[in-house]
Amino acid sequence: MTKVVIKDVGAREFDQPVSGVDVLRSMQERPQSVLAMVVDGQLTDLSANIETGSEVSFVSSMTPAGREVLRHSTAHVMAQAVLLIYPGAKFAIGPSIEDGFYYDFDLPDGQRFSDEDMETIEAKMREIIAAKQPFIREELSYEQGLELFMDQPYKLEIIRGVRQGSVEDLAEGADVGGVSVYRNTDTFVDLCRGPHVGHTGQLGNFKLLRVAGAYWRGDEKRDQLQRIYGTAWESKAALAEHLHRLEEAEKRDHRRLGAELDMFHFPPEIGGGLPVFHPKGALVRYLMEETSRKAHLAADYQLAWTPHLAKSTLFEISGHLQWYKDGMYPPMEMEGSTYYPKPMNCPMHILIYKSQMRSYKELPLRLFEFGTVYRFERSGVLHGLARVRGLTQDDSHIFCTPSQLATELTRLLTFVLTLLRAFGLEDFEAELATRPDKSVGDDDEWEAATESLRVALEATGLPYVVAEGEGAFYAPKIDVHLRDAIGRRWQVSTLQVDLQLPQRFDMYFVDQDNSRPRPYMIHRALFGSVERFFAILIEHYAGALPTWLSPTQFAILPVRADHAAYADEVSASLAACGARVKVLEASEPLGGRIRRAKMEKVPYVLVVGDEDISARTLGVNRRGSDKPDRSVDLDSFVESVRAEVNPPEILVE
RNA sequence: GCCCGAGUAGCUCAGUGGUAGAGCAGCUCAUUCGUAAUGAGCAGGUCAGGGGUUCGAAUCCCCUCUCGGGCUCCA
């Protein structure tokens, strides 16, 4: 007899040994579109036998686990299609990923996929799906596995990896004590740990999206494979919704909006990754920077300014030439000295610290600068303002006593969140990145610094995960991520407790007892870089920046030329409370001017005509609304927008 | 840097071997208008650059550059 506990339903007894399918059939109220099951916490094929005494829950296609299964199964279908179309193709790995899946191939004779091939492959996949091929799990010994995949070098490498207990390969391929495979047909079988859907007919709401090169095992010294990315969903509607989201994301692309809104561009004559900001973009930048500077001054930071170049000596002391030479711009020789563009601001801030004897009474000493640094990024990684070669960090270095560290970090993290919120961002999470393999310093220091960061995270209540081994070589760090309006994650702020530079620069302060201990040093970028943060704001707001950040806040449109005097009067009363106003004179029809102003995403488009002059009113078009408010009283309108035209007050504790 | 894709007017794009096109934007003139495109006219091009094939190349081939999608990288 087999006893099975169905989660949230209750215990069932069966005369025979049962599989998940049997249990499901026995239920009166069956859960919908079940693709797999979880037996005692383990995600498993529905066809697997269930041991007596197990607890079972069923996984529906619209759950995260269910989608993972169907995406993974769709990847297998794609592999089968590619192998049918390209005899002799080698296939490597094909996992499910966020929103979809991919599979890596090595085509014979150096063939490459083109975009048209995607359609051919999709068509073949639909045939496979229509055939309702079963996914049959088989468990093999290593030897059988090696035999079965003798023509598939990547599979062989995975099997050998599994035999040696590689965790990475276990995830990809197989089971302890042997390997598992999933067979769809006599000719198509794939090495896989599973689980999978019961048969290919349960799939079908998918689309192949793009082809890309990808290194085998992510190692650029190894073969470059052809990767096809696809997306797959539980229903036609969910697929359509996802494709719609992709379109929406494309509309938010800051590179596209940056051009449409005349904010910035990347002149080829200047070089890749080196943007120029046009007047509107530069104004937004100015507002971002001024808001930040004021907040920093209010929070007891002191401003610093440092040059863009320094002698090699400085970067030898700091260690940048040792650790990051590849990422630095090449040197310039001048009058017998070697100069480098700076990749970071910290060494220069340290020189400010060291310019005089520092007492414990001065600490924490907080230096702040919008410091432009240059980093040589490989051409393929540049991405609009989000990844550039010349970037301005809103960079701060805080020097404090060891006993001040935890308090200072907490205060700092609070400040970071306060300023980010002032820009209308709300949804944050953090990563605590710990010591990497390639690093310097002793364990106690790393432990203490990491612990202080953890204390700060706990104190602010920011949700966080620990990223083992993801720290910088010299320091553990907190990375703050945010989710934008359509749920995408962006890394912004970073806080690092530096264990190395104070030593390298032989920094100290004079303590109460006249001893000379080393200060701790905290590196911190809050926006990350001004350029990248600019991009995030554009994408988050889809170009419709909050009023206080909008280059033009009010467009005033006199209906006829003889309404110009009143338009100027309205303009003056708005300008008097600090607003940025543009009058669009009546040289073309009203509709055209309204359209232009709306396309520019001006927050308020104000129309004034005969009726408004006699009643001292306005026609108000708010951004995002397609219906105007007519006859709004001028004075009360000005009063109502007064608060939003100027940068927000940032209250620092 | 590597793989794939794309470069035609300021922008968006049409043009597959036979005289370089359209819309928007720009300029000029006219129009004076109450809620998302007023009309007419003008101007605008080394078809990314270089080489090749051809009687003839935006179009076919090769190289280079730039941009985009990924991979790797991101102090």
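Residue numbers start from 1 in every chain, and the chains themselves are labelled A, B, ... in the order their sequence lines are given, proteins ahead of strands. We use all heavy atoms of the structure for the numbers below, so side chains are in, but hydrogens, waters and symmetry mates are not. Predicted model, so just to flag it, every value in this text is computed and none were measured.
U35(B) makes up no base pair with any nucleotide shown, lacking Watson-Crick or G-U wobble contacts both under 3.5 Å. Across the strands present, G5(B) finds its partner in C67(B); the criterion is a Watson-Crick or G-U wobble pair with both atom distances under 3.5 angstrom. Of all nucleotides present, none satisfies the Watson-Crick or G-U wobble test against G56(B) with each distance under 3.5 Å. With a 3.5 Å ceiling on both atom-pair distances, C73(B) lacks any Watson-Crick or G-U wobble partner. Across the strands present, C27(B) finds its partner in G41(B); the criterion is a Watson-Crick or G-U wobble pair with both atom distances under 3.5 angstrom. Across all strands shown, U12(B) forms a Watson-Crick or G-U wobble pair, both distances under 3.5 Å, with A22(B).
Among the nucleotides C33(B), A75(B), C4(B), the one closest to the side chain of His320(A) is A75(B). If you check C71(B), C33(B), G69(B) against the side chain of Pro589(A), the one that comes closest is C33(B). In the set U66(B), C73(B), A36(B), A36(B) carries the atom at the smallest distance from any side-chain atom of Ile594(A). Among the nucleotides G70(B), C2(B), G68(B), the one closest to the side chain of Arg255(A) is G68(B). Distances from the side chain of Arg378(A) to the nucleotides G1(B), U35(B), C3(B) place G1(B) closest. Of the candidate nucleotides C71(B), G69(B), G34(B), C71(B) has the atom nearest to the side chain of Arg227(A). Listed candidates were G70(B), C3(B), C71(B). Nearest to the side chain of Arg210(A) is G70(B).
Remark: the backbone N or O of Thr617(A) is not paired with any side-chain donor or acceptor of Asp633(A) at under 3.5 angstrom.
Between the CD atom of Glu220(A) and the P atom of C71(B) there is a distance of 13 Å, rounded to whole Å. The CD-C1' distance, from Glu250(A) to G69(B), rounds to 11 Å in whole Å. When the C1' atom of C73(B) is taken as reference, atom CZ of Phe473(A) falls 16 Å away, rounded to whole Å.
Taking the six-membered ring wherever Trp is involved, the centroid distance between the rings of Tyr103(A) and Phe105(A) falls below 6.0 Å. The six-membered or imidazole ring of Phe91(A) lies away from that of Tyr86(A), with a centre-to-centre distance of 6.0 Å or more.
The nearest heavy atom of RNA chain B to Gln224(A) and to Pro343(A) marks one nucleotide each, and the one closer to the 5' end goes with Gln224(A). The nearest heavy atom of RNA chain B to Asp219(A) and to Ser379(A) marks one nucleotide each, and the one closer to the 5' end goes with Ser379(A).
The gap from the P atom of G10(B) to that of G1(B) amounts to 28 Å, rounded to the nearest Å. Here the separation of C11(B) from C67(B), taken at their C1' atoms, is 15 Å to the nearest Å. Annotation: C42(B) and A22(B) have their P atoms spaced 11 Å apart (nearest Å). The same atom, C1', is picked in A14(B) and in G23(B); the two are 11 Å apart, to the nearest Å. Only the P atoms considered, U12(B) is 26 Å distant from C4(B), to the nearest whole Å. Comparing A48(B) with A37(B), their C1' atoms sit 33 Å apart, to the nearest whole Å. To the nearest whole angstrom, the two P atoms, one in G70(B) and one in C29(B), are 49 Å apart. For the C1' atoms, the distance linking U54(B) with U16(B) amounts to 16 Å, nearest Å.
You'll find a donor-acceptor pair under 3.5 Å spanning the side chain of Arg630(A) and the base of G34(B), going by distance alone.
A cation-pi contact links Arg227(A) to Tyr102(A), judged by a cut-off of 6.0 Å to the six-membered ring centre and 45° from its axis.
Using bins of under 30°, 30° to 60° and over 60° for the plane-to-plane angle, the ring pair Tyr374(A)/Tyr329(A) lands in the perpendicular bin.
Residue Arg255(A) comes nearest to Asp253(A) through the heavy atom pair NH2-OD2, 2.6 Å, listed as atom of the first residue, atom of the second, then distance. Across all their heavy atoms, Arg252(A) and Ala542(A) have their closest contact at NH1-N, 3.6 Å.
In this structure, Gly609(A) reaches the bases: a heavy-atom distance under 4.0 Å links it to at least one base atom across the strands shown.
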